[in-house]
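One structure is given below, encoded as structure tokens.
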Amino acid sequence: QVQLVESGGDLAQPGGSLRLSCEASGTIFSIATVGWYRQAPGKQRELVARITGSSSTIYADSVKGRFTISRGNAKNTMYLQMNSLKPEDTAVYYCNLVWGKEYWGQGTQVTVSS
């Protein structure tokens with residue numbers, strides 16, 4: 001069983017930065033495809049960024065050049081560095097892992113507002 005725990009969500013000003021973290025239990029995290037999704041009020045959950053076991057990455061067009069997904073030195077951690085934040089980045093951000101099936105964290109709230 002895989003458990004994912006996000007942290008780092010906060011209130012940020014437009015143009016500011018935040019770093020989200022995801023910690024996972026289990027031993028497959030370092031070889032699985034993992035990623036970040038977000039869901040804004042009244043909208044569907046959408047992919048933000050994803051990284052494979054071979055470290056290939058994919059980003060949503062809306063965050064390219066502003067967000068960076070990475071794995072931590074500890075094999076069971078993942079980060080999302082978010083720069084140049086915009087109000088439209090406001091959402092609950094979820095950590096996701098795919099290994100036979102999908103696993104989700106509980107989410108962390110990011111609010112971008114002046």
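Numbering of residues begins at 1 and proceeds along the displayed sequence. As the structure is a computational prediction, the values presented were derived from the model and not from experiment. Every heavy atom of this structure was used, including side-chain atoms; hydrogens, water molecules and symmetry mates were not.
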Donor-acceptor contact present, side-chain Glu6 to main-chain Gly107, <3.5 Å: yes

Lys/Arg N to Asp/Glu carboxylate O, Lys64 vs Asp61, below 4.0 Å: yes

Any side-chain heavy-atom pair of Val110 and Leu18 under 4.5 Å: yes

For Ser62, all residues meeting side-chain contact (heavy atoms from CB on, under 4.5 Å), sequence neighbours excluded: Arg38, Ala60

Polar side-chain atom of Thr90 near backbone of Val112 as donor-acceptor pair, under 3.5 Å: yes

ring-ring contact (aromatic ring centres under 6.0 Å, His included) pairs, two or more places apart, involving residues 37-60: Tyr37-Trp104

Any Leu4 side-chain heavy atom under 4.5 Å of Glu23 side chain: no

Test item: side-chain donor near acceptor, Thr111 and Ser113, under 3.5 Å: no

Cluster link Phe29 to Tyr79, ILVMFWY, side chain under 4.5 Å: no

side-chain contact (heavy atoms from CB on, under 4.5 Å) between Arg50 and Trp36, worked out: CA-CA 6 Å; Arg50 191 164 61 210; Trp36 291 95; over 6 Å; no

Partner residues of Val5 under the side-chain contact (heavy atoms from CB on, under 4.5 Å) criterion, sequence neighbours left out: Gln106

Donor-acceptor pair between Glu102 and Asn96 side chains, under 3.5 angstrom: yes

Neighbour count above 12 (heavy atom, 6.0 Å) for Gln39 CD: yes

Side-chain heavy-atom pair Ile31, Trp99 within 4.5 angstrom cut-off: yes

Name each donor-acceptor pair under 3.5 Å that joins a side chain in residues 7-16 to protein atoms two or more places apart or in another chain, with its distance.
none

Arg71/Thr77 under side-chain contact (heavy atoms from CB on, under 4.5 Å): CA gap, chis, key distance, verdict: CA-CA 6 Å; Arg71 294 183 187 270; Thr77 57; over 6 Å; no

Partner residues of Val92 under the side-chain contact (heavy atoms from CB on, under 4.5 Å) criterion, sequence neighbours left out: Tyr94, Gln109

side-chain contact (heavy atoms from CB on, under 4.5 Å) involving Gln81 - partner list, sequence neighbours excluded: Ser17, Arg19, Thr68, Asn83

